[in-house]
Amino acid sequence: MDTGVNIKENIAAVRARIAAAAQRAGRNPEDITLVAVSKTVEPQRIIEAIDGGITHLGENRVQELVKKYDAIPGRIQWHLIGHLQTNKVKYIIDKVSLVHSVDSIELAKEIDRRANRRGTVVNILIQVNVAGEETKFGISPDQVEDMIEEIRSYPGIKVKGLMTIAPFAENPEEIRYVFRELNKKYIDIKRKNIDNIDMEYLSMGMSNDFEVAIEEGSNMVRIGTAIFGKNR
Ligand SMILES: *Cc1c(COP(=O)(O)O)cnc(C)c1O
């Protein structure tokens, strides 16, 4: 299907905007990981994105990730960015580089259990619902330290940082505070140098708000629409 979307041009444009935002914030554009969100996108078009230099792909559904994992060749790092049910952990445990959406101790326990069984360690981010939206998953900012304290001793997981999905806003300036708040938490925890906690990634920013997110400290953006178009 010709959707009239030029994926490679879009990637170049997104990269340029990432670089400009990083520079405004006095940061190195190379320190920002671009995760192309390929949910609902056909493998053929995903391969076009890979030809355009994409090495990180994000999916929000377990089944779709597993299918594409098998269908798409190359050295891709897969990110699970959507809500993960405990009964589906077993399907992705050996496939993902990073699970962005750990939002309960129960889920962390199940990932740990499955990882131990396979003799592996799974990298995770804790999903935080900064704005307290009822429709979104994630723990509240003031629960983050307690959760970290509980799960840091689990041998099968490695906490690598924090993730948030900001509320949608026509004007992303309105949600700048969300990114700022999570960055503050991220830096706080990083400074504490907690054993087995490696605050390496702050995953925030989507097509509509990634520049503001980068200005506020994001080093991992998850971008779908700006790469693959609206009707993917
Ligand atoms: C779909 C999705 C994205 C990408 O959103 P776009 O607005 O299409 O860039 C990012 N993060 C999560 C968790 C998503 O589900």
Side-chain angles (χ1 to χ4, degrees), residues 5 7 10-22 25 27 29-41 45-46 49-50 52-62 64-65 68-69 72 76-84 92 95-103 122-131 133 135-139 159-169 172 175-176 178-183 185-186 199-230 232:
V5 173
I7 291 171
N10 286 351
I11 292 167
V14 165
R15 286 211 189 275
R17 287 168 63 192
I18 288 173
R27 300 179 36 223
E30 283 172 21
D31 294 341
I32 294 162
T33 302
L34 170 57
V35 178
V37 176
S38 52
K39 63 187 183 203
T40 74
V41 179
R45 304 180 67 227
I46 298 174
I50 294 168
I54 291 296
T55 52
H56 294 259
L57 290 173
E59 287 285 340
N60 67 341
R61 286 166 186 264
V62 166
E64 205 177 330
L65 188 149
K68 287 175 180 169
Y69 182 91
I72 292 169
I76 296 301
Q77 297 203 43
W78 291 92
H79 297 246
L80 186 77
I81 60 174
H83 184 61
L84 178 57
I92 51 118
K95 298 185 171 63
V96 290
S97 297
L98 190 62
V99 178
H100 290 228
S101 46
V102 176
D103 59 358
V122 176
N123 292 327
I124 67 153
L125 305 180
I126 295 173
Q127 182 173 351
V128 187
N129 187 349
V130 178
E133 285 180 288
T135 54
K136 291 213 171 92
F137 291 101
I139 64 172
V159 178
K160 285 280 186 182
L162 306 176
M163 177 271 218
T164 196
I165 305 172
F168 176 81
I175 48 172
R176 184 181 286 276
V178 168
F179 303 129
R180 188 169 290 175
E181 198 174 308
L182 196 64
N183 188 33
K185 178 120 315 212
Y186 172 80
M199 282 286 136
E200 193 176 337
Y201 300 117
L202 182 55
S203 168
M204 49 187 204
M206 311 181 7
S207 293
N208 189 56
D209 56 22
F210 70 91
E211 286 150 304
V212 172
I214 290 168
E215 286 167 13
E216 296 299 334
S218 167
N219 62 14
M220 183 171 271
V221 291
R222 311 175 308 267
I223 298 183
T225 309
I227 291 174
F228 296 106
K230 264 203 171 76
R232 48 201 193 214

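What you see below is based on every heavy atom in this structure, not just the backbone, and it leaves out hydrogens, waters and symmetry mates. If you're wondering where the values come from, they're calculated on a predicted model, not measured in any experiment. Note that the numbering runs from 1 along the sequence shown for the chain.
Here the side chain of N129 pairs a donor or acceptor atom with the backbone of K136 at under 3.5 angstrom. With hydrogens and angles ignored, the 3.5 Å screen pairs no side-chain donor or acceptor of E215 with any backbone N or O of A21. A donor-acceptor pair is defined here as one N or O able to donate and one able to accept, closer than 3.5 Å; such a pair exists between the side chain of K68 and the backbone of S38. The backbone N or O of E200 sits less than 3.5 Å from a side-chain atom of Y186, completing a donor-acceptor pair. Although no hydrogens or angles enter the test, the distance criterion places no donor-acceptor pair under 3.5 Å between the side chain of N208 and the main chain of P172. Looking only at distances, a side-chain donor or acceptor of S207 sits under 3.5 Å from a matching main-chain atom of A226. Between the side chain of S101 and the backbone N or O of G82, at least one donor-acceptor pair lies under 3.5 Å.
Expressed to the nearest 0.5 Å, how far CG of L34 lies from CZ of F210 amounts to 8.5 Å. Rounded to the nearest 0.5 angstrom, L57 CG and H79 NE2 are separated by 8.0 Å. Rounded to the nearest 0.5 angstrom, D103 CG and L125 CG are separated by 12.0 Å. Note that the CD1 atom of I227 and the CZ atom of R15 stand 7.5 Å from one another [nearest 0.5 Å]. Separating the NZ atom in K95 from the CD1 atom in I76 is a distance of 15.5 Å, to the nearest 0.5 Å. Taken to the nearest 0.5 Å, the CZ atom of R222 stands 6.0 Å off from the CE atom of M206.
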Item to check | side-chain contact (heavy atoms from CB on, under 4.5 Å) between L162 and K185, intermediate numbers included | outcome: CA-CA 9 Å; L162 306 176; K185 178 120 315 212; 3.9 Å; yes
Next on the checklist: One pair to check against salt bridge (Lys or Arg N to Asp or Glu O under 4.0 Å): E216 and R176. What are the steps and the verdict?
Outcome noted: CA-CA 7 Å; E216 296 299 334; R176 184 181 286 276; 2.7 Å; yes
Next on the checklist: Under the criterion side-chain contact (heavy atoms from CB on, under 4.5 Å), I'd like the reasoning laid out for Y201 against N123: C-alpha separation, chi angles, the key distance, then a yes or no.
Outcome noted: CA-CA 11 Å; Y201 300 117; N123 292 327; over 6 Å; no
Item to check | Full working for side-chain contact (heavy atoms from CB on, under 4.5 Å) between I92 and L84 | outcome: CA-CA 10 Å; I92 51 118; L84 178 57; 4.0 Å; yes
Item to check | Residue pair I165, E133: steps toward the side-chain contact (heavy atoms from CB on, under 4.5 Å) verdict | outcome: CA-CA 10 Å; I165 305 172; E133 285 180 288; over 6 Å; no
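Side-chain atoms of V159 and M199, non-hydrogen and from C-beta on, do get closer than 4.5 Å to each other. For the pair I32/R27, a side-chain contact is recorded, criterion being any heavy-atom separation below 4.5 Å from C-beta on.
Closest non-hydrogen pair, G205 versus A213, comes out as CA-CB, 3.6 Å. Closest heavy-atom contact between V178 and P167: CG2-CD, 4.0 Å. Nearest heavy-atom pair across H56 and I54 is O-CG2, 3.4 Å.
Taking a cutoff of 4.0 Å between a charged side-chain nitrogen and a carboxylate oxygen, E211 and R17 qualify as a salt bridge.
Taking the six-membered ring where tryptophan is involved, the planes of H83 and F137 are essentially parallel, since the angle between them stays under 30° and well short of 60°.
The neighbour count for R61 CZ, taken as heavy atoms of other residues, nucleotides or ligands under 6.0 Å away, does not exceed 12.
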